[in-house]
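It should be emphasised that the depicted structure is a prediction, and the values quoted were computed from it without experimental measurement. In what follows, every chain begins at residue 1, and chains take the letters A, B, ... in the order their sequences are listed. Hydrogens, waters and symmetry mates are skipped; everything else that's a heavy atom, side chains included, is used.
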Protein chains: 2
Amino acid sequence: MAKLAGVSISTASKALNGRDEVAPATRTRVLNAAARLSFRPNALARGLISGRTRTIGLLTDELGGRFSIPVLLGVENALANEQMSVLLCDARGDAIRRRHYIGTLLSRQVDGFIVLGDDNDLRPSLTGEIPVPVVYVYGESEDPDDLSVLADDEGGARLAVEHLVSLGRRRIGHITGPQTYRAARDRVTGTRAVLAEHGLTMAGGGPLHGQWTQRWGRHAARVLLATAPEVDAIFCGNDQIATGVADTLTDLRKRIPDDVAIVGYDNWEEFAADCRPPLTTVDLDLEDLGAAAARLLFDALDGRPAAGVVRHPCRLVVRESTAPVTP
Amino acid sequence: MAKLAGVSISTASKALNGRDEVAPATRTRVLNAAARLSFRPNALARGLISGRTRTIGLLTDELGGRFSIPVLLGVENALANEQMSVLLCDARGDAIRRRHYIGTLLSRQVDGFIVLGDDNDLRPSLTGEIPVPVVYVYGESEDPDDLSVLADDEGGARLAVEHLVSLGRRRIGHITGPQTYRAARDRVTGTRAVLAEHGLTMAGGGPLHGQWTQRWGRHAARVLLATAPEVDAIFCGNDQIATGVADTLTDLRKRIPDDVAIVGYDNWEEFAADCRPPLTTVDLDLEDLGAAAARLLFDALDGRPAAGVVRHPCRLVVRESTAPVTP
DNA sequence: TTGTACGCGTTATCAA
DNA sequence: TTGATAACGCGTACAA
């Protein structure tokens with residue numbers, strides 16, 4: 001290519017990289033030649049010299065789950081804006097595999113890591129094995145010196161319950177997933193806090209913990225209506241549970257939202273928007289979460305590392321399953 | 001590292017790469033030193049020499065859709081088994097962005113491409129812009145000289161309808177998505193073929209085309225039952241439609257599967273397994289599809305390129321929404 | 001069996 | 001303003 005332009009290799013390099021120590025005429029000659037040959041500088045050679053590859057490693061544990069993808073998308077998008085690329089590795093929750101991937105990524109000289117949790121519980125820190133910056137996203141690292149970017153589940157629950165209270169609902173129940181999930185526990189905490197602030201107690205006496213499924217929603221709704229027939233709103237731990245709850249309420253001839261309002265969680269479009277009726281729900285803004293993690297990784301790469309926990313706010317999406325109490 | 005082992009760099013290289021022109025004692029010394037320093041050969045430098053990076057570019061258009069992820073997972077898994085890595089790029093259906101990504105991936109010297117379609121329609125070939133092997137998966141390339149690995153939608157429909165016929169169902173309807181989708185058309189073709197082979201016609205006179213949603217399923221089921229009240233089975237274009245159909249049948253006091261059997265499509269766990277009743281459905285085996293594409297890419301990288309269309313078989317998953325006709 | 005020298009494609013330094 | 005040269009880390013032919 002330099003030959004085609006009739007200059008030396010180093011001059012061509014300068015011309016292409018926009019350095020100003022090159023004559024305009026020469027530059028255009030080089031650029032033309034490059035275009036004609038559709039020349040692309042070899043990123044490997046560049047990385048070898050600069051020590052930076054403009055590549056980050058994305059380590060996940062459960063890409064199949066529906067939370068990983070939006071986060072991944074947000075990360076990828078933010079990285080692309082900075083001309084960086086993603087090497088994707090799914091360890092499938094296997095420690096051996098994870099170690100192996102870390103080695104692979106390091107040998108490929110990635111500039112940094114993003115570790116994507118499969119649920120939002122605490123997870124062992126990997127930072128000790130990794131000599132480049134690491135950001136944890138969705139799942140929190142056990143090491144408080146690491147940087148974790150998380151969805152604000154407590155805040156999301158607050159949004160949901162405050163919405164119900166503001167609509168005049170006073171007998172609010174809560175049906176959610178297994179207590180072993182931090183997401184479930186945090187949402188209970190947020191729910192309790194808001195109820196207490198308004199001098200209310202939870203209908204049914206406490207949260208009903210079960211599975212994250214429609215089936216559990218259908219069952220739990222029957223239980224809740226048996227123990228607390230006067231319930232006028234149900235906040236559900238996710239949209240599938242909410243769908244099941246809606247099914248049961250309909251079976252029992254309760255009108256939604258007139259008799260009982262329902263709020264879901266996750267804004268899983270296929271469930272929430274197509275429910276009968278469409279669900280008011282909490283959106284985790286996961287794509288934004290991923291983008292935020294990527295930006296914090298850039299900061300670390302630029303020598304401005306951070307530590308601790310960043311909580312990313314959720315958004316309330318209002319649809320037809322909630323409305324003011326009818327007088 | 002070589003220093004620590006007290007040998008020259010090239011001797012160390014030979015020892016690590018298992019070449020037999022090195023003394024056993026030396027080798028162990030080198031290996032020890034490498035382990036102590038947790039030495040990892042620089043993949044960039046290797047790639048620079050060998051011309052092969054053991055990296056492939058995965059180009060998608062709509063990672064958000066639920067079909068991409070299983071395929072991606074299958075690809076990633078198959079690649080990891082061959083010690084290869086994936087650079088992930090989501091063009092989001094934008095041609096500009098796609099060109100840009102192709103350039104990025106080429107400059108990073110990927111060994112090959114996998115192009116993941118966002119739906120299974122024909123798509124323009126990218127092979128002209130790409131000087132390394134390319135395999136198209138899920139969506140077919142317009143150029144018959146390219147290699148496309150696709151789900152066998154016609155075959156999947158055959159599985160579903162043959163299952164219904166074998167259960168003694170004779171008045172089979174079909175509710176599916178927009179006719180603009182090749183998936184919908186192919187499944188209609190398969191359905192018609194099987195019905196014809198058994199001397200049957202489609203209940204309702206023909207397929208009902210609408211959206212891929214529960215809402216459409218609920219509506220279309222009413223339409224179908226109005227025009228063909230004797231229908232004893234409904235094959236649905238996806239699991240969401242099937243869920244909607246099940247809802248309406250239940251509303252209309254039809255028993256599933258006693259009065260009407262239902263088959264879905266996709267085996268989308270959250271819908272199919274948690275439906276009332278759980279759905280018999282067709283699984284596209286997408287992870288396998290991705291793995292197959294990866295293996296065909298390896299073949300091409302090894303100098304055994306292929307062309308044309310590979311159709312990957314589907315699997316019938318039988319649950320409670322189908323059963324033999326009661327005498 | 002081991003070590004020396006070269007080259008992969010690029011950028012940076014420095015001499016011309 | 002341009003070009004020669006070294007260096008990045010590794011693998012390999014070839015010399016010792």
Side-chain angles (χ1 to χ4, degrees), chain A residues 1-55 83-85 87 103-111 131-132, chain B residues 1-55 83-85 87 103-111 131-132:
Chain A
M1 190 273 293
K3 222 179 299 173
L4 178 65
V7 296
S8 76
I9 294 180
S10 58
T11 305
S13 170
K14 290 169 194 163
L16 288 174
N17 293 2
R19 323 245 321 200
D20 47 358
E21 36 182 31
V22 56
T26 316
R27 160 158 300 137
T28 48
R29 271 216 323 282
V30 171
L31 291 179
N32 284 338
R36 271 238 297 276
L37 303 178
S38 62
F39 170 82
R40 306 211 139 276
N42 184 320
L44 267 50
R46 274 193 172 168
L48 199 53
I49 295 184
S50 68
R52 307 188 80 244
T53 53
R54 307 201 67 80
T55 306
Q83 321 263 34
M84 299 190 65
S85 299
L87 278 168
T104 301
L105 291 169
L106 288 176
S107 85
R108 288 172 188 271
Q109 315 295 116
V110 296
D111 295 335
V132 294
Chain B
M1 193 276 289
K3 222 179 300 174
L4 177 65
V7 298
S8 77
I9 295 182
S10 61
T11 305
S13 170
K14 289 167 195 162
L16 289 173
N17 293 1
R19 321 250 316 202
D20 47 357
E21 36 183 30
V22 57
T26 316
R27 161 157 300 139
T28 50
R29 272 216 323 281
V30 171
L31 291 178
N32 284 337
R36 272 238 295 277
L37 302 179
S38 64
F39 170 82
R40 306 213 140 274
N42 184 320
L44 267 52
R46 275 194 171 168
L48 201 51
I49 295 182
S50 68
R52 307 188 79 244
T53 53
R54 308 200 66 79
T55 306
Q83 321 266 32
M84 301 192 61
S85 298
L87 279 167
T104 301
L105 290 170
L106 288 176
S107 85
R108 288 173 187 271
Q109 316 294 119
V110 296
D111 295 334
V132 293

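In this structure, A/R46 and A/P41 approach most closely via the heavy-atom pair NH2-CG, 3.7 Å. Heavy-atom minimum distance, A/D111 versus A/G51: OD1-O, 4.2 Å. Residues B/L87 and B/L105 approach most closely at CB-CD2, 3.6 Å, considering heavy atoms. Among all heavy-atom pairs drawn from A/S107 and A/T104, the shortest one is OG-O, 3.0 Å.
Between B/S13 and D/dG11 there is a side-chain N or O to OP1 or OP2 distance below 4.0 Å. The side chain of A/S10 contributes no N or O atom lying less than 4.0 Å from OP1 or OP2 of D/dT2. Dashed line: the shortest gap from a side-chain N or O of B/R46 to OP1 or OP2 of D/dG9 is not under 4.0 Å. For D/dG11, one of the phosphate oxygens OP1 or OP2 lies less than 4.0 angstrom from a side-chain nitrogen or oxygen of B/N17. Proximity of A/R19 to the phosphate of D/dT1: no side-chain N or O atom is located under 4.0 Å from OP1 or OP2. Applying the 4.0 Å criterion to OP1 and OP2 of D/dT2, one finds that A/T11 has every side-chain N and O outside that range.
A straight line from CG of A/L16 to P of C/dG9 spans 16 Å, rounded to a whole angstrom. Atoms CG (A/N42) and C1' (C/dT10) sit 8 Å apart, rounded to a whole Å. B/E21 has its CD atom 13 Å from the P atom of C/dG3, to the nearest Å. Spacing between atom CZ of A/R27 and atom C1' of D/dT2 amounts to 13 Å, rounded to whole angstrom units. Atoms CZ (B/R29) and P (C/dG3) sit 9 Å apart, rounded to a whole Å. The distance between atom CZ of A/F39 and atom C1' of C/dG9, rounded to the nearest whole Å, is 8 Å. To the nearest angstrom, C1' of C/dG9 lies 8 Å from CD1 of A/I9. Protein atom CZ of A/R52 is 19 Å distant from nucleotide atom C1' of D/dG9, rounded to whole Å.
Here the side chain of A/A45 is nearest to one of D/dT1, D/dG9, C/dT10, namely C/dT10.
Among the heavy atoms of the strands lying under 4.0 Å from B/T26 are primed sugar atoms or P, OP1, OP2 only; no base atom is included. Using a 4.0 Å heavy-atom distance criterion, A/R40 is classed as a sugar-phosphate-only contact.
Defined by atom type and a distance below 3.5 Å, a donor-acceptor pair is present between the side-chain atoms of B/T55 and A/R108.
Position along DNA chain D of the nearest nucleotide to B/K14 versus B/I49 favours B/I49 as the more 5'-ward residue.
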